[in-house]
Amino acid sequence: MVRPNEEVEALLQEYADLVAITGGDAYKARAYEKAARAIGGHPTDVSRLDAKGLQEIPNVGKSIAEKVEEYLRTGRVSAVEETRAAIPAGVRELISIPTLGPKKALVLYEELHVSSVAELLDAIHEERLRDLKGFGEKTQANILHGIELLQKAGGRILLGAAMDVAEQVVAELSAVSGCERCGYAGSLRRMRETIGDIDVLVAATDSAPSMEAFCALPHTAEVIARGEKKTSIRTTKGLQVDLRVLPPDSWGAGLLYFTGSKAHNIRLREMAIRHGYKLSEYGLFHAKSGRKAVSATEEEIYAKLGLPWIPPTLREDRGEIAAALKGELPEVMQEKDIRGDLHTHTDLTDGVSCLEDMVAAAAERGYAYFAVTDHAPNLYMQRMTDEKILAQREKVRALDGKHRRMRLLHGTELNIGPEGDLDWPDEFLAGFDLCVASVHSHFNQTREELTRRLVRACENPHVAIIGHPTTRQIGKRPGIDADFDEVFAACARTGTALEINAHPERLDLGDEDILRAKRHGVKFAVNTDAHSVVHLPYMRYGVGTAQRGWLTKDDVINTWPLQKLRRFLQPGG
DNA sequence: GCCGTTTTCGGCCCGACTGTTTTCAGTCG
């Protein structure tokens, strides 16, 4: 289901959490975390590595290599199993609540036998935390707030995780005999930031082979419903996947119907009625005769309604049909339009891939240019110094143009301090090709303080891009409460681009904010914020989000030729 | 548990905030 590296990463992270919860050596827990990250970000499939190869991965030593081998050989690791037996899974679930860490989780478990989020809620409501040391009123309120945040995600999963599952299901079903077409639909095809369940469509005359194969997929844990037209399963990770098999000549109508959104479909059905048709998942039919007009492709159906084909990312009933009727549908940018990534990290700070590997991987993606933007000194934990960043600049200059003639930009990701201050004085910033500036802490300032802080960063002439502008983490942390209309206006005024951070946990700015910012006349940069070569492909999620914000190539600076980009990056440019 | 070496132990990402602590532990980025 998931790539072996990600499975191993999850397993080692679980072990790290369990070590921390059981009060084990904090450095041991961190060692497992570091190894987990390193393996997750490692480009080679770990299942193809032997003990020696595994230990060549940074932060993987003898002990962890042995555990990884044991896992790959047997599917389990005895040390992990033992710890699992000692601590119920629900206790680990507790530390996903913001402000609740391993120490508090252990107290709750040992003192109150709380071993799930639901039990914790009960305990709080029954006031059983009252006499517990370290759990005052504020702490309880913070925990309740944290649980609320978690539950707001409402069982939806992140776009990236859903895409991994969907693409594997589609690949498996495409290989089944009789399958003429196969693809995913629903909110996933519309690239929404979170996905409830996955809809997969197959076009086939006989549905049985597909249904059979679907139920037999290795990750299928449970068959929820099985019929001739629709089968629903739950994966081992608890995700629901629906398969619908359509007659081949209804492919377009089915794809349209199951892609949604519901609101978009309602608009289309209204239009169909006005044109004397009836639209269903089986096709577009003449209202009077009931005879089928078209159904094979989405394009034909839209055309009969007097519309151009509308990209799925626009199908949210946000005025796309009116725009299409007027011939004003934006020509939204595509992933192939991206000429380079402008926000990436290396192992000089918290990335796991070295500069050379990042550059080679970027060139492999066909980029014309690529910016390396490691963290600056004020994010203290990264231990950046003037000497280190200048030494990196030398290496970047030496690599410039060496991979498929790809040009390199040497940049940095600055930290926007509480007062809008940045890490380096202007003279030093002038030495970079590109400065991204982002908020990383002090999220709870007042609205006025947060707004002023971001506006000040925009006003620095060396700052070209505001990174992950709201700093939200989907399902974990809400965005900061700044007056973003004021920030967007400042960006437009100062020629500062807003980032669309493509990491599936961020997607920041999100679609609604992009639409607002675009009305202010702001430019954007779609960046991955990659901390490993395996993160570079996240670009597609950023592009999907940009499309949902109706952005065209003209709006997005990293679709521009290098010369035009450089002019934008220049102070005052 | 990993790593680098001043090679087999001793350090490991540092600083700030929050709450409840009355001097600091836990959590976060």
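Note that these values count all heavy atoms, side chains included, but never hydrogens, waters or copies made by symmetry. Throughout, protein chains are lettered first and strands after them, A, B, ... in sequence-line order, and every chain is numbered starting at 1.
Distance noted for atom P between dA16(B) and dT21(B): 24 Å (whole Å). Taking the C1' atoms as reference points, dT20(B) lies 11 Å from dG26(B), given to the whole Å. Straight-line distance between the P atoms of dC12(B) and dT5(B): roughly 14 Å, to the nearest whole Å. dC13(B) and dT8(B) have their C1' atoms separated by 24 Å, given to the nearest Å. Nucleotides dT6(B) and dG1(B) place their C1' atoms 22 Å apart, quoted to the nearest Å. With P as the reference atom, dT22(B) and dG11(B) are 32 Å apart, rounded to whole Å.
Spacing between atom CD of Q13(A) and atom P of dG1(B) amounts to 16 Å, rounded to whole angstrom units. One interatomic measurement links the two molecules: CG of N415(A) to C1' of dA16(B), which rounds to 12 Å at whole-angstrom precision. As rounded to whole Å, 14 Å separates atom C1' of dG11(B) from atom CG of N59(A). Atom OH of Y32(A) and atom P of dC3(B) are 12 Å apart (whole Å). Whole-Å rounding puts the E33(A) CD to dC2(B) P distance at 14 Å. Rounded to whole Å, atom P of dC13(B) lies 16 Å from atom NE2 of H531(A).
Between F432(A) and H462(A), the distance from one ring center to the other does not fall under 6.0 angstrom. Residues H440(A) and H375(A) bring their aromatic ring centres within 6.0 Å.
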Which nucleotides of nucleotides 19-29 of chain B have their base under 4.0 Å from a protein heavy atom (B), which only their sugar-phosphate (S), and which neither (-), written as one string 5' to 3'?
SS-----SSSB
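Here R30(A) does not reach the OP1 or OP2 of dG1(B): none of its side-chain N or O atoms lies under 4.0 Å away. Distances shorter than 4.0 Å separate none of the side-chain N or O atoms of K34(A) from OP1 or OP2 on dC3(B).
dG1(B) is paired with dC12(B) under the criterion used here, namely a Watson-Crick or G-U wobble arrangement in which both key atom distances are under 3.5 Å.
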Determine, step by step, whether L120(A) and I147(A) satisfy the side chain to side chain contact (heavy atoms under 4.5 Å, CB included) criterion, reporting the C-alpha distance in whole Å, the side-chain angles of both residues, the deciding distance to 0.1 Å, and the verdict.
CA-CA 10 Å; L120(A) 177 54; I147(A) 293 175; 4.2 Å; yes
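When the options E419(A), Q445(A), E448(A) are evaluated for a side-chain hydrogen bond (donor to acceptor under 3.5 Å, both in side chains) with R453(A), the one that passes is Q445(A).
The side chain of K28(A) has dG1(B) as its nearest neighbour among dC13(B), dG1(B), dC2(B). In this structure, the nucleotide among dA16(B), dC13(B), dG1(B) sitting nearest to the side chain of Q382(A) is dC13(B).
Among the heavy atoms of the strands lying under 4.0 Å from V60(A) are primed sugar atoms or P, OP1, OP2 only; no base atom is included.
Ion pair R397(A)/D433(A) flagged as a salt bridge, since at least one NZ, NE, NH1 or NH2 atom sits closer than 4.0 Å to an Asp/Glu carboxylate oxygen. Taking a cutoff of 4.0 Å between a charged side-chain nitrogen and a carboxylate oxygen, E459(A) and R456(A) do not qualify as a salt bridge.
Pairs of residues two or more places apart, or lying in two chains, that qualify as side-chain hydrogen bond (donor to acceptor under 3.5 Å, both in side chains) and include a residue from residues 469-492 of chain A are E193(A)-R472(A), R447(A)-D481(A), T470(A)-D508(A), D485(A)-R516(A), D485(A)-H520(A).
Considering only residues two or more places apart in sequence or on other chains, E127(A) meets the salt bridge (Lys or Arg N to Asp or Glu O under 4.0 Å) condition with R130(A).
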